[in-house]
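First comes the structure, then the notes that go with it.
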Amino acid sequence: MNEKKIVIKLLAAYFLVIFIITSFIVVLDYLSFGLINNQSTKESFILYYLRFIGFSVMPLLTLLCLNFLIYIFPLYKYLKLVNREIKPESKILDLAKKRINNLSIFILIQNFTAYLLGFFIIVYKFDYLNKLNFFSIIFYMIFTLTGSLIYTFIQSSINNYILYPVKEHFQIYYLNESI
């Protein structure tokens, strides 16, 4: 169990799921409003995408990834000690187990908060309060928050696959086991 590979895989999976899905949503958003308003061109799409991803998504995604790294650091620390054949203190062991068991909950809270914040940024940035009716905004918010739940499921499934050897090591076979 190489601790660096596991952390890099977890971080890459976390980043890529959010980045790919958010990119897809940005494309759909642009196409839907661009086609409705007859304002979509290839050049304007590229500028819109790069500007939105660069200034709205990447700063928030960077913060999310840093927070994610901080969260999984006790697991990294534990695995590093185990790989060096040093017996970790029970405190480090317990914290690493808790972080593994609560990783899905952490991702759910972080995704929900980030997508809710992203929703408000989009509504403000594009002046949707004046452009859309109340029900469209509520629908868009429900769509966004429901999506965050689905993305959490995807991320948790990928994490379970990545963490399988670690869970075997801890003998964790079910959710919240061995806390």
Side-chain angles (χ1 to χ4, degrees), residues 1-27 49-50 52-122 125 141-179:
M1 292 183 298
N2 185 323
E3 70 275 359
K4 288 180 183 175
K5 282 185 181 178
I6 288 174
V7 168
I8 289 170
K9 285 179 182 179
L10 287 171
L11 184 61
Y14 185 78
F15 175 86
L16 288 172
V17 167
I18 292 177
F19 184 80
I20 290 169
I21 291 173
T22 304
S23 291
F24 183 71
I25 291 171
V26 169
V27 170
Y49 177 81
L50 291 175
F52 189 81
I53 293 294
F55 294 113
S56 297
V57 175
M58 290 308 292
L60 186 56
L61 187 51
T62 301
L63 289 174
L64 293 173
C65 287
L66 286 173
N67 198 32
F68 184 79
L69 277 174
I70 291 167
Y71 183 83
I72 62 173
F73 183 75
L75 174 62
Y76 170 79
K77 189 175 176 182
Y78 172 83
L79 293 174
K80 189 174 181 179
L81 291 172
V82 168
N83 286 339
R84 291 184 179 173
E85 298 180 3
I86 299 171
K87 185 174 170 57
E89 299 173 18
S90 63
K91 181 179 166 184
I92 294 171
L93 170 68
D94 292 342
L95 187 56
K97 280 184 178 182
K98 283 182 182 179
R99 294 295 167 97
I100 288 174
N101 280 320
N102 295 326
L103 185 59
S104 294
I105 295 167
F106 170 80
I107 291 172
L108 173 65
I109 292 168
Q110 186 158 284
N111 282 358
F112 193 82
T113 304
Y115 277 90
L116 185 62
L117 180 61
F119 167 77
F120 287 122
I121 289 170
I122 289 171
K125 188 173 187 174
M141 183 174 73
I142 291 170
F143 171 78
T144 302
L145 297 179
T146 304
S148 75
L149 299 174
I150 295 168
Y151 315 146
T152 299
F153 175 75
I154 293 168
Q155 288 168 325
S156 295
S157 298
I158 294 169
N159 290 342
N160 285 335
Y161 177 76
I162 294 168
L163 289 171
Y164 182 77
V166 178
K167 288 183 175 187
E168 282 285 313
H169 173 78
F170 284 129
Q171 298 179 345
I172 298 172
Y173 302 106
Y174 303 101
L175 186 64
N176 292 329
E177 185 178 331
S178 302
I179 293 182

Which residues share a side-chain contact (heavy atoms from CB on, under 4.5 Å) with Val7, sequence neighbours left out: Leu69, Ile72, Tyr76
Test side-chain contact (heavy atoms from CB on, under 4.5 Å) applied to Ile8 - qualifying residues, sequence neighbours left out: none
Quick one: does Met58's side chain get under 4.5 Å of Leu61's, heavy atoms only? yes
Please find the pair of heavy atoms, one from Ile121 and one from Ser56, that lie closest to each other, and give the distance. CG2-OG, 4.5 Å
Can Leu75 and Leu103 be said to form a side chain to side chain contact (heavy atoms under 4.5 Å, CB included), step by step? CA-CA 11 Å; Leu75 174 62; Leu103 185 59; over 6 Å; no
For Thr113 and Ile109, work out which heavy atoms get closest and say how close. OG1-O, 2.8 Å
Just so I know, are the side chains of Val166 and Phe170 near enough to count as touching, which here means a heavy-atom distance under 4.5 Å? yes
Where is the tightest heavy-atom contact between Gly54 and Pro59, given as atom of each residue plus distance? O-CD, 3.4 Å
Sorted by chain and number, sequence neighbours left out, ring-ring contact (aromatic ring centres under 6.0 Å, His included) with Tyr115 holds for Tyr151
Minimum side-chain heavy-atom gap Leu116-Met141 below 4.5 Å: yes
All side chain to side chain donor-acceptor pair (under 3.5 Å) counterparts of Thr144, not counting sequence neighbours: none
Nearest heavy-atom neighbours spanning Ile158 and Ala13: CG2-CB, 3.4 Å
State which residues pass side chain to side chain donor-acceptor pair (under 3.5 Å) with Gln110; sequence neighbours excluded, sorted by chain then number. Tyr14, Asn67
Phe24 meets the ring-ring contact (aromatic ring centres under 6.0 Å, His included) criterion, sequence neighbours left out, with none
Under the side-chain contact (heavy atoms from CB on, under 4.5 Å) test, residues paired with Ile142 that sit two or more places apart: Ile138, Thr146
Partners of Ser23 by side chain to side chain donor-acceptor pair (under 3.5 Å), sequence neighbours excluded? Tyr49
Can you name the residues that form a ring-ring contact (aromatic ring centres under 6.0 Å, His included) with Phe19, not counting sequence neighbours? Phe15
Applying ring-ring contact (aromatic ring centres under 6.0 Å, His included), can you list everything that pairs with Phe120, at least two apart in sequence or on another chain? none
Only counting residues at least two apart or in another chain, list the ones meeting side chain to side chain donor-acceptor pair (under 3.5 Å) with Tyr71. none
Might you point out which heavy atoms bring Ile162 and Ile6 nearest each other, and give the distance in Å? CG2-O, 4.1 Å
Here the pair of heavy atoms bringing Ile100 nearest to Lys167 is CG2-CE, 3.7 Å
Residues in side-chain contact (heavy atoms from CB on, under 4.5 Å) with Pro88, at least two apart? Tyr78, Leu81, Val82, Ile92
